[in-house]
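To keep things clear, I will list the structure first and then write my remarks on it.
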Protein chains: 2
Amino acid sequence: MFTFAADNMTTEDKIKKTALTLFLEKGFERTSIREIARRAKINIALLNYYFRSKENLFNSIFSSLLGKYTPELNSILSSPLPLEEKIKLYVEEYIDILLKNPRLTYFVLSVLHRNPDKITKMKIFQSLYNTGNFSTQFYDEVRKGNIKDVDPTQFFINMLSLITFPFTIKQVIMEKNKMSEDTFKQFMHERKQVITEMLILTIKK
Amino acid sequence: MFTFAADNMTTEDKIKKTALTLFLEKGFERTSIREIARRAKINIALLNYYFRSKENLFNSIFSSLLGKYTPELNSILSSPLPLEEKIKLYVEEYIDILLKNPRLTYFVLSVLHRNPDKITKMKIFQSLYNTGNFSTQFYDEVRKGNIKDVDPTQFFINMLSLITFPFTIKQVIMEKNKMSEDTFKQFMHERKQVITEMLILTIKK
DNA sequence: GTCTATAACGGGATAGAC
DNA sequence: GTCTATCCCGTTATAGAC
């Protein structure tokens, strides 16, 4: 039985690291705290000493995970760059993040569907779908006549869909197109340009 | 406690109908056969008499559900229609299906992630991502010089992403844009045209 | 086919010693 | 902080009567 955590980590970090791997791999329900404890080489009592409950442990992990990536993405969206530049950077950065964490999208979706009510309460979701400055800029460009009159909401959802969805069906894509892990990565790298061009095409006059 | 099934249905159908509603709403793991039995007004033993196990019940439901919708979609893709017409019809039909079953996309994704290995074995998945004839036609049009030289795989994934992904984050979209159920439906109807135009734009010379 | 009762197990959480 | 032992619960599944 191999473990995910090095021995020189603090107990708390060992638990979090092990739990994250298992949650990503098997989802919340199918991951038992017994297995987390076993793999982290501690016992259940200790896990509950640090996190009080499985749910708590999960929330703690979930927040740190998203907190790690959303700031970069949001800083792109709220930067003073021109629209096209922004789109290009956002697509590239987002895909790079997901290439490093292919299960992240489904992970977030599963949280969304497990806690359909808590969405508003969880601040972290706000940052995942943050169009504030972007929409304003979009409207400005439309008003100035620089781009086509496209609904920013539709546009933003197009962008999100094109970037993230392929990762949720990664297995199917690989299977159907006989791709290896490396081929899939290559495919997603090529996709950066495909998506960017596509998005810009829809707004260019 | 209300139930999902009418009294004049056969016991087997009552179970399937009730189970489907619960699986869609709460997912496989969080749905207990106790609750299915309670809502279907039968007892657990009877459920296991008909389906032998929860897993079995699920598979049975899953196959019937997908079998209900995939034929229409595939018949569009393999029809002798011109490419643009095909795309338009596919987008419209798919969105209409998902408007009637908003949870369907996530449902399929959850199966995908719960049984990452079984994908190939389950024939039903084949039909969900079936590009056979479509890809051929696509290549033909490229060869004839009628459309741009675009990778059919990228194109098909674009199409799938744009159609299905919004339904997996329906709650977030509604929340963020202060939409009601009806507004969301309206939004998705408008989306048919948005997506179709977008896709055609990317291949038109 | 349908029921009651119960087996057999695994889950999360906690008490209390060290 | 860390452990062992245990509680209590819900889960799926089955045996056996009707």
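Within every chain, numbering begins at 1; the chains are lettered A, B, ... in the order of the sequence lines, protein sequences first and strands thereafter.
Other residues, nucleotides and ligands contribute only 12 or fewer heavy atoms inside 6.0 Å of the CD atom of A:Gln193.
Side-chain atoms of A:Lys54 lie closest to C:dG12 of the nucleotides D:dA15, C:dG12, D:dG1. The side chain of B:Tyr50 sits closest to C:dT2 out of D:dC3, C:dA13, C:dT2. Among D:dT12, C:dC3, C:dA15, the nucleotide with an atom closest to any side-chain atom of B:Ile44 is D:dT12. The side chain of B:Ser32 lies closest to D:dT12, out of C:dC3, D:dT2, D:dT12.
The pair A:Arg39-A:Glu35 counts as a salt bridge, with a side-chain nitrogen and a carboxylate oxygen less than 4.0 angstrom apart. Salt-bridge formation is detected for the pair B:Glu92/B:Lys88: a Lys NZ or Arg NE/NH1/NH2 atom is positioned less than 4.0 Å from an Asp or Glu carboxylate oxygen.
The distance from atom CG of A:Asn56 to atom P of C:dT14 is 11 Å, rounded to the nearest whole Å. A:Ile36 has its CD1 atom 17 Å from the P atom of C:dG10, to the nearest Å. The distance between atom CD1 of A:Ile33 and atom P of D:dC9, rounded to the nearest whole Å, is 17 Å. The distance between atom CD of B:Glu29 and atom P of D:dG10, rounded to the nearest whole Å, is 19 Å. As rounded to whole Å, 15 Å separates atom P of D:dT4 from atom CZ of A:Arg38. One atom, CZ of B:Phe28, and another, P of D:dT11, lie 13 Å apart when rounded to the nearest Å. Taking atom CG of A:Leu46 as the reference point, atom C1' of C:dG16 lies 15 Å away to the nearest angstrom. Between the CD atom of A:Glu35 and the C1' atom of C:dA13 there is a distance of 18 Å, given to the nearest Å.
Listed pair A:Thr11 / D:dG1 fails the phosphate criterion, with no side-chain N or O lying under 4.0 Å from OP1 or OP2. Between B:Asn48 and D:dT14 there is no side-chain polar atom (N or O) within less than 4.0 angstrom of OP1 or OP2. Dashed line: the shortest gap from a side-chain N or O of B:Asn43 to OP1 or OP2 of C:dC3 is under 4.0 Å.
Residue contacts shown for B:Tyr49 include a base, since a base heavy atom lies under 4.0 Å away.
Shown here for A:Asn133 and A:Ser78, the closest heavy-atom pair between the two residues is ND2-CA, 2.9 Å.
Side-chain contact of B:Glu175 with B:Gln171: a donor-acceptor pair under 3.5 Å is absent, judged by distance alone.
For A:Arg34 against C:dG12, a side-chain-to-base donor-acceptor contact under 3.5 Å is present.
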